[in-house]
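The structure appears right after this line, and notes come after that.
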Amino acid sequence: MTDQSITARIPRVGDGAEIVVRFPAGDSPVRVEDLVAEMRQGVPLEVGDERVRGFLTAFGRRLLRPALARRHPELGSLGFFLRPSELARTLDGLRTHHVRVPRGLVFHLPPANVDTVFVYSWALSALMGNRNVVRLSPRAGAVATVIVDTLREALADADPVVAATQRIVSYDRRAQAVTAGLSAACDLRVVWGGDDTVREVRRHPLAPHARELTFPDRSSFAVVNAAAWLCAPRVARVAAAEGFVNDAYWFDQAACSSPRTVFWVGADDDCDSAREDFTEQVSRVLAGRGWGVDAAMAVEKRVSVYGLAADGLVDMIEFRGNALANVTLAAAAAMPRRWLGAGTFAHARVRALAELIPLVERKDQTMTHFGFAPDELEELARGLGGRGVDRMVPVGSALSFDRVWDGVDLPGEFTRLVTVVR
């Protein structure tokens with residue numbers, strides 16, 4: 001396919017719109033037409049391409065360097081995800097009687113408030129042999145800059161095919177011509193962000209053959225078996241509190257999988273006692289880590305919490321300094337799904353897991369759990385019947401990314417199946 005035919009296919013790319021390429025080049029401007037032409041040329045990749053696997057492995061090892069992992073612990077989880085054994089496990093899960101081929105050109109639009117999400121999405125797509133363009137928001141945080149710099153380090157020893165087929169770009173969201181052009185050119189568009197972001201991006205049509213994956217606003221909660229918490233040894237309760245803090249505080253509780261409500265399951269007295277001990281354990285973890293909340297965030301939390309009280313949704317409010325705010329819901333059905341400020345948790349009691357079924361909505365994504373047997377969780381999943389909750393994972397694993405996210409098998413979506421009848 002020539003450059004001329006590519007430009008003809010995507011007339012919206014015109015207007016000479018420029019973007020900044022952050023990877024592999026360092027902040028170099030380029031016209032969108034030229035970027036698309038580059039991404040359509042060159043040697044094709046294969047699913048599980050060894051050249052890409054080698055690059056991802058080297059990148060993951062760099063993220064696991066002790067100094068970097070200590071400074072940004074969320075990068076340690078990312079490095080673990082990119083280990084050779086994990087990449088091999090992802091590929092093993094794709095074995096079928098069909099021939100898998102790459103989807104083609106994938107356009108990723110990750111959120112600005114969770115710096116590591118774009119790597120998981122991009123890495124799986126690259127592992128499947130796709131050419132990728134990732135739009136990184138100019139508002140992305142310091143961790144995103146560290147990731148891009150580390151990618152460039154890994155690129156120095158990588159096969160040139162990586163630099164030729166992968167791009168991380170940056171442009172203002174108001175540059176609608178850029179989003180329109182890349183949307184028209186791609187074979188798959190992956191949109192992460194709020195509902196409004198998804199609606200805005202969908203204004204730009206895709207090619208007739210293209211597909212779209214969206215990951216809009218989601219909300220998550222935790223469930224704790226009160227009797228199991230009270231019976232657990234102290235070391236287990238401390239570990240659970242540490243895991244809960246990681247789940248909630250790493251991204252200021254703004255990640256879609258971070259818990260916002262805690263449901264205490266069991267008799268009223270057990271629930272109250274378990275919650276009291278849980279709060280003490282979480283407070284100790286926060287104090288030990290020196291977790292601080294700036295004045296603006298502290299005000300945000302108080303405004304949100306007092307707003308719930310004014311609406312008659314809570315019975316009690318408790319602040320543990322600026323880092324931790326607890327509200328007792330007047331009814332479990334009042335579970336708030338909007339972000340209330342980092343370190344703000346609603347609490348409610350239920351007698352049994354089954355009482356959650358009528359409370360769950362499609363917007364609910366991750367349920368972190370403590371003290372429940374596998375058959376209890378499976379029974380709840382069947383009872384929900386797809387009305388909500390895509391993940392049930394132990395407390396401390398809310399942010400652990402998996403190939404299946406929001407109920408979507410990402411490696412499967414990043415490939416096409418070719419039927420070959422022998």
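All of these numbers come straight from a predicted model, not from anything done at the bench. For the single chain, residues carry numbers from 1 onward in sequence order. Any value given below was found using the heavy atoms of this structure, including those in side chains, with hydrogens, waters and symmetry copies removed.
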Do Asn225 side-chain atoms and Ala227 backbone N/O form a donor-acceptor pair below 3.5 Å? yes
Could you pull out the closest heavy-atom pair between Leu82 and Ala123, with the gap in Å? CD2-CB, 3.8 Å
Whether Asp272 and Arg275 form a salt bridge (side-chain N of Lys/Arg under 4.0 Å from carboxylate O of Asp/Glu) is what I want to check. no
Looking only at heavy atoms, the pair that brings Ser397 and Arg391 closest together is O-NH2, 3.5 Å
For Asp270, does its backbone N or O pair with a side-chain atom of Ser273 as donor and acceptor, under 3.5 Å? no
Arg302 to Phe319, cation-pi by 6.0 Å centre distance and 45° axis angle: yes
Would you list the atom pairs, donor with acceptor, under 3.5 Å between side chains in residues 350-360 and any protein atom, with sequence neighbours excluded?
| unit_1 | atom_1 | unit_2 | atom_2 | d |
| --- | --- | --- | --- | --- |
| Glu355 | OE1 | Arg351 | N | 3.4 |
| Glu355 | OE2 | Arg351 | N | 3.2 |

Side-chain donor/acceptor of Asp195 to backbone N/O of Pro216, under 3.5 Å: no
Keeping the roles fixed (side chain from Arg416, backbone from Arg100), state whether a donor-acceptor pair exists under 3.5 Å. no
Any salt bridge between Glu153 and Arg65, counting N to O under 4.0 Å? yes
Might you point out which heavy atoms bring Tyr249 and Gly343 nearest each other, and give the distance in Å? OH-CA, 3.3 Å
Do Arg211 and Asp187 meet the salt-bridge criterion of a basic N to acidic O distance under 4.0 Å? no
Can you tell me how far the CG atom of Leu109 sits from the CZ atom of Phe118, to the nearest 0.5 Å? 13.0 Å
Output yes when Arg89 and Asp92 qualify as a salt bridge under the 4.0 Å nitrogen-oxygen rule, no when they do not. no
Give the intermediate values and the outcome of side chain to side chain contact (heavy atoms under 4.5 Å, CB included) for residues Leu182 and Leu35. CA-CA 9 Å; Leu182 292 173; Leu35 173 68; 4.2 Å; yes
Kindly write out the residues that satisfy ring pair (Phe, Tyr, Trp, His ring centres under 6.0 Å) with Tyr120, not counting sequence neighbours, or none if the list is empty. Phe81, Phe401
Option passing salt bridge (Lys or Arg N to Asp or Glu O under 4.0 Å) with Asp277 (candidates Arg284, Arg237, Arg234): Arg237
Working for side chain to side chain contact (heavy atoms under 4.5 Å, CB included), residues Phe372 and Met392: CA-CA 11 Å; Phe372 295 96; Met392 297 182 181; over 6 Å; no
Donor-acceptor contact below 3.5 Å, side chain Asp247 vs main chain Gly396: yes
For Gln166 and Asn132, what are the C-alpha separation, side-chain angles and deciding distance, and is it a side chain to side chain donor-acceptor pair (under 3.5 Å)? CA-CA 5 Å; Gln166 313 299 319; Asn132 294 278; 2.8 Å; yes
Aromatic ring centroids of Phe244 and Phe345 under 6.0 Å? yes
Quick check: are there more than 12 heavy atoms from other residues, nucleotides or ligands sitting under 6.0 Å from CZ of Arg51? yes
If you apply the rule side chain to side chain contact (heavy atoms under 4.5 Å, CB included), what do you find for Val404 with Leu410, and how did you get there? CA-CA 6 Å; Val404 177; Leu410 289 172; over 6 Å; no
State whether Glu379 and Arg382 are salt-bridged, where the test is any N-O pair (Lys NZ or Arg NE/NH1/NH2 against Asp/Glu carboxylate O) under 4.0 Å. no
Evaluate the salt bridge (Lys or Arg N to Asp or Glu O under 4.0 Å) criterion for residues Arg62 and Asp157: first the C-alpha distance (whole Å), next the side-chain angles of each, then the deciding distance (0.1 Å), finally the verdict. CA-CA 12 Å; Arg62 283 174 165 80; Asp157 301 320; 3.5 Å; yes
Closest heavy-atom contact between Val314 and Ala309? CG2-CA, 3.5 Å
Tell me if a side-chain donor or acceptor on Arg189 pairs with a main-chain N or O of Ser183 at a distance below 3.5 Å. no
How long is the span from the CD1 atom in Ile147 to the CG atom in Leu78, to the nearest 0.5 Å? 6.0 Å
Could you tell me if Arg135 sits above the aromatic ring of Tyr171, with its cationic atom closer than 6.0 Å to the ring centre and no more than 45 degrees from the axis? yes
Residues Asp390, Arg362; criterion salt bridge (Lys or Arg N to Asp or Glu O under 4.0 Å); working and verdict: CA-CA 9 Å; Asp390 296 312; Arg362 189 64 191 89; 3.5 Å; yes
Side chain to side chain donor-acceptor pair (under 3.5 Å), that's the test. Do His204 and Thr179 meet it? Break it down for me. CA-CA 7 Å; His204 307 296; Thr179 299; 5.1 Å; no
Contact list for residues 334-345, test salt bridge (charged side-chain N to carboxylate O under 4.0 Å, His left out), sequence neighbours left out: Arg337-Glu361, Arg337-Asp364
Are the side chains of Thr261 and His347 in contact, using a 4.5 Å heavy-atom criterion? no
How far does CH2 of Trp264 sit from SG of Cys271, to the nearest 0.5 angstrom? 8.0 Å
Considering all heavy atoms of both residues, which atom of Ser170 and which atom of Ser137 are nearest to each other, and what is their separation? OG-C, 4.2 Å
Looking at every non-hydrogen atom in both residues, tell me the closest pair between Ser283 and Leu324 and how far apart they are. OG-CD2, 3.6 Å
Over 12 non-hydrogen atoms of neighbours within 6.0 angstrom of CD in Glu280: yes
Less than 4.0 angstrom from a charged side-chain N to a carboxylate O is my criterion; do Arg289 and Glu242 meet it? no
Thinking salt bridges, do Arg53 and Asp159 make one under a 4.0 Å N-O criterion? no
